[in-house]
Amino acid sequence: MGFLIVVRRIEIDYKAPAGEGDEKMALKTISIDSVRDYEGERVTICGWLTHKRSSGRIRFLILRDGTGIIQATLFKGETSDSAFDLYPELTQESSLSVTGELRKEDRAPGGYEILVSEMEIFHIAETYPISPKEHGIGFLMDHRHLWLRSSRQQAILRVRHSVIKAARRFFDDQGFTLLDAPILTPSSCEGTTTLFETDYFEDTKAFLSQSGQLYMEAGAMAFGKVYCCGPTFRAEKSKTRRHLTEFWMIEPEVAFADLKMVMDLAEAMIITIVQEVLKTRQAELHILERDIARLEQIRAPFYVISYDEAIEFLKDAGESIPWGEDFGGGHETIISNRFDRPVLIHRYPTETKAFYMKNDPDRSEVALCVDMLAPEGYGEIIGGGQREDDSEILKTKIEKTGLPPESFDWYLGLRRYGSVPHAGFGLGIERMVAWMCGLEHVRETIPFPRLIDRLYP
RNA sequence: UCCCCAGUAGCUCAGUUGGCAGAGCAGAUGGCUGUUAACCAUCGAGUCCGCGGUUCGAGUCCGUGCUGGGGAGCCA
């Protein structure tokens, strides 16, 4: 199959041996997304069969190759008998190549069809479990390795690609250095109850990273502006539409930056991502039936409110939430539904936030932190803020958490050698993609989702 | 961890008051020269999730376990 990929990527000018008449014409293997460039030419297309129909002496194949779909048409008499007679054998997802003239055809899905003269079968598929009719989510998740072949799943994962590409380009263009954070770590950075633990040779335990942030802080002290993009792991027993046990984050960290600066950075990054998705993924958003107008509204400035103001807002909405408590999913939905653009909520109570958050020097009961809630009820997509840069205060905060202090010697050390104000945030890729695509659940936004009760396939 | 719902053909589901196990799709066979989730005809397909109980009789009622889905809390 590796050979096939090469053939599809490189257009091969095939010269038939002399003396074979019509077969001397050039033969090109093309991808379906490039059919417009080959109208009227004799070409070869490799792909998988998604569907077939027949009506007596005319037979239709719908092929997909990962770049699109095309109808291949077989006429008794015009198509070679050997190719025509292969039709009954073809099952859904069988792999094959077809060769023939490419032409415009309004009756064909996609507007083009290939009039097949020759056909080659790579493999006849067994009865394919995923039929064109509806399936339950449990069944589809069990067949995730095959479900990826559906147009809807491909559309979502292409949007994911664009989200990551846009975010990385945004930071690259602003002079950030990509600094990969470790996956295996000696300790927690959020809390010990949600760590995946594994053996690390004799007598040592390692933990799967919950966040690259602490390492990004070290990186910011070296490079000034850094970011990481990678998987993170939380052993939370969450069973909701917005949780995975393995999820990806993009985490920038900036030296000599304060809360306001990273709030502006987060806003600019989100706008860049939304613009990139709107620019490059119109076809995918259409397949997903996304209301594009809702995304076109996403522009500066985003709404900015304090935690105090959010509490007042929730009380006005009839919710009884005391000051000092973190918002639940329901509260977030109420707030984010209120706005047509993302809203940044800053200065949460210190008690609800992680140890590394810096307290507001003017009000020690609140932290210099920020969450960004996406509109349409999508809720929190970003969490971040200014980090505690005082060694002694940080040490006290770590002791208060009950986390093993010796694991954080290196982290505290960052504050002993030229400590500076610094800040950063983390963007949850899957929640961002779910918002862009208008999905109910994040499980479709990652190729192989890991959930509390699902580790397969 | 807690609350709610579901489990019947490969898939999606129906199954009445407890009384012979059903449909559509998928699969197989045949027909049709422009199909669009094509259509028409025919055929095959079942540990009714497991265990226990009530009953002359259980897919249906009761108990229990397992699996899946939805929600809460926690978080990105």
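A note on names: the letters A, B, ... follow the listed sequences, proteins ahead of strands, and every chain is numbered from 1.
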Please work out if [X] contacts a base, only the sugar-phosphate, or nothing of the nucleic acid, heavy-atom cut-off 4.0 Å.
X: D326(A); value: sugar-phosphate
X: P129(A); value: nothing
X: E105(A); value: base
X: T232(A); value: nothing
X: H243(A); value: base
X: D142(A); value: nothing
X: Q71(A); value: base
X: L244(A); value: base

Taking only the side-chain heavy atoms of [X] (C-beta and beyond), determine which of [options] contains the nearest atom.
X: E332(A); options: U33(B), G73(B), C75(B); value: C75(B)
X: R53(A); options: U35(B), G68(B), G34(B); value: U35(B)
X: I58(A); options: U33(B), C75(B), G73(B); value: U33(B)
X: E236(A); options: C74(B), G34(B), G68(B); value: C74(B)
X: F139(A); options: G27(B), U1(B), U12(B); value: U12(B)
X: R107(A); options: U35(B), G68(B), C75(B); value: U35(B)
X: R454(A); options: G68(B), C75(B), G70(B); value: G68(B)
X: A108(A); options: G69(B), U33(B), U35(B); value: U35(B)
X: S238(A); options: C74(B), A76(B), G27(B); value: C74(B)

Pi stacking test for Y128(A) and A26(B): under 5.5 Å apart, planes under 30°:
no

Roughly, in whole Å, what's the span from NZ in K237(A) to C1' in U1(B)?
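Rounding to the nearest Å, NZ of K237(A) and C1' of U1(B) are 7 Å apart.
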
Round to the nearest Å and state the distance from D371(A) atom CG to A76(B) atom P.
7 Å

Between D33(A) and S31(A), do the side chains contain an N or O donor and an N or O acceptor separated by less than 3.5 Å?
yes

Under 3.5 Å, is there a donor on one side chain and an acceptor on the other for S211(A) and E251(A)?
yes

How far does the [atom1] atom of [N] sit from the matching atom of [M], given to the nearest Å?
N: C39(B); M: U55(B); atom1: C1'; result: 49 Å
N: G27(B); M: C11(B); atom1: C1'; result: 12 Å
N: C20(B); M: A58(B); atom1: C1'; result: 14 Å

Tell me if the side-chain of [X] makes a donor-acceptor pair with the base of [N], cut-off 3.5 Å, by modelled atom types.
X: R57(A); N: U33(B); result: no
X: S131(A); N: C11(B); result: no
X: R242(A); N: C74(B); result: no
X: R443(A); N: G69(B); result: no
X: E113(A); N: G34(B); result: yes

Can you confirm if the NZ or CZ of R234(A) lies within 45° of the ring axis of F247(A) and under 6.0 Å from the centre of its six-membered ring?
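Negative - R234(A) is either too far from the ring of F247(A) or too far off its axis.
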
Any cation-pi pair here, K225(A) with F171(A), using under 6.0 Å and within 45°?
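Here K225(A) fails the 6.0 Å and 45° test against F171(A).
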
Now, which nucleotide makes the Watson-Crick or G-U wobble pair with [N], with each of the two distances under 3.5 Å?
N: U1(B); answer: A72(B)
N: A6(B); answer: U67(B)
N: G57(B); answer: none
N: G22(B); answer: C13(B)
N: A41(B); answer: U29(B)

Nearest-nucleotide wise, let me know which of F60(A) and S54(A) is further upstream toward the 5' end of RNA chain B.
F60(A)

Do the rings of H145(A) and H143(A) sit parallel, tilted or perpendicular, given the 30° and 60° boundaries?
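Because their plane-to-plane angle is under 30°, the rings of H145(A) and H143(A) count as parallel.
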
Check step by step if side chain to side chain donor-acceptor pair (under 3.5 Å) holds for D180(A) and Y215(A).
CA-CA 9 Å; D180(A) 300 309; Y215(A) 296 96; over 6 Å; no

Non-hydrogen atoms of M357(A) and C369(A) that approach each other most closely
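So the two residues come closest at SD-CB, 3.6 Å.
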
